[in-house]
Amino acid sequence: KERVGFPTSVNPIGKPLEIWLSELESTMRSVLHKLILKCIGTYSEVPLQRSKWVLEWPGQVVLVVNQLMQTKNVERALSNPATALQELRNYKTLLTDQINSIVSLLRQNIPLLHRMTLEVLIIADVRNRDIISELIASQTTSIKDFDWMSKMRYYWEEDTVKVRMVNATVDYGYEYLGNSPRLVITPLTEKCYVTLMGALQLSLGGAPEGP
């Protein structure tokens, strides 16, 4: 099992349940926030260096920073409409190299915990590459185009992670989920994300159901 240490212990002795649980939650969020910030500073686009970077951080932190960098790279490619499509093609090539590097690492004899991180990262990377292909096919050349705005986008703003989709913005919760399997991301799951993000923006909720 993956372990993420606390800088200080939370002592529940002599405290009401709601107090020490609140302290535990606050410490959890603070630790994940600091880890993500540090992880951003060590990220490398170079496939071989990225493969080493993946193994140095908790799985959840890797996934969040990976999505932050995906958004950053796509929007950098779309910053100039005249060269946007070629920049997207270049980035797609880089993504393919990164995926191949992770697959090569996955074929080696590595600890189960690292294997779980890599498997989930490949799921995210393959979907990210599919998104780039969709943007190229739809001739997307601006960050304001709906084909890009409708995707889930991660930003580091105001010293926190913000997740955007269409016109909805939700602050990342920093809730530790452990190093566990994730759903395969498809256009159908993205439709669920759009619905749920819109609901959260309106202070509502949702209960997806299905296979």
Short N-O contact, Glu56 and Lys52, less than 4.0 angstrom:
no
Ignoring hydrogens and geometry beyond distance, is a side-chain donor-acceptor pair present between Ser180 and Arg182 at under 3.5 Å?
yes
Say you draw a straight line from CG of Leu106 to OG of Ser101; how long is it, rounded to the nearest 0.5 Å?
11.0 Å
Are Gln139 and Asp147 close enough that a side-chain donor and a side-chain acceptor fall under 3.5 Å?
no
Do Ser9 side-chain atoms and Asn11 backbone N/O form a donor-acceptor pair below 3.5 Å?
no
Among Thr42, Val65, Val64, Leu63, whose side chain to side chain contact (heavy atoms under 4.5 Å, CB included) with Trp57 holds?
Thr42
Check whether Glu119 reaches the backbone of Pro181 with its side chain - one donor and one acceptor, N or O, closer than 3.5 Å.
no
Using only heavy-atom distances, determine whether the side chains of Asn128 and Gln67 contain a donor-acceptor pair under 3.5 Å.
yes
Is there a donor-acceptor pair under 3.5 Å between the side chain of Ser138 and the backbone N or O of Glu134?
yes
Do any N or O atoms from the side chain of Arg153 and from the backbone of Met149 form a donor-acceptor pair under 3.5 angstrom?
yes
Can Gln60 and Tyr174 be counted as having a side-chain donor-acceptor contact under 3.5 angstrom?
no
Hey, any chance Trp148 and Leu94 share a hydrophobic cluster, counting ILVMFWY side chains that come within less than 4.5 Å of each other, even indirectly?
yes
Does Arg50 count as lying over the ring of Tyr43, i.e. NZ or CZ under 6.0 Å from the six-ring centre, within 45 degrees of the axis?
no
Can you tell me if CD on Glu157 sees more than 12 non-hydrogen neighbours from other groups inside 6.0 Å?
yes
Could you tell me whether the side chain of Arg129 and the main chain of Thr96 form a donor-acceptor pair under 3.5 Å?
no
Report the C-alpha separation of Arg76 and Glu87 in whole Å, then their side-chain angles, then the decisive distance to 0.1 Å, and conclude whether the salt bridge (charged side-chain N to carboxylate O under 4.0 Å, His left out) test is met.
CA-CA 9 Å; Arg76 181 168 55 195; Glu87 290 296 328; over 6 Å; no
Does the side chain of Glu25 pick up a donor-acceptor pair with the side chain of Tyr176 at under 3.5 Å?
no
Does the distance from a Lys or Arg side-chain N to an Asp or Glu carboxylate O, for Lys72 and Glu45, drop under 4.0 Å?
no
Between the side chains of Gln86 and Asn90, does any donor sit under 3.5 Å from an acceptor?
yes
Of Val166, Ile131, Thr71, which is the lone residue that meets side chain to side chain contact (heavy atoms under 4.5 Å, CB included) with Lys151?
Ile131
Among side-chain atoms of Arg164 and Thr169, is any donor-acceptor pair under 3.5 angstrom?
yes
Residues Tyr91 and Arg89: side-chain donor-acceptor under 3.5 angstrom
no
Below 6.0 angstrom between ring centroids: does that apply to His33 and Trp156?
yes
In terms of heavy-atom contacts, does NZ of Lys162 have more than 12 from other residues, nucleotides or ligands at under 6.0 Å?
yes
Hey, is the main chain of Pro81 close enough, under 3.5 Å, to the side chain of Thr141 for a donor-acceptor pair?
no
Worked verdict on Lys15 versus Glu23 for salt bridge (charged side-chain N to carboxylate O under 4.0 Å, His left out)
CA-CA 10 Å; Lys15 297 178 182 178; Glu23 291 177 357; 2.9 Å; yes
Does any N or O in the side chain of Asn179 come within less than 3.5 Å of the main-chain N or O of Leu113, such that one atom is a donor and the other an acceptor?
yes
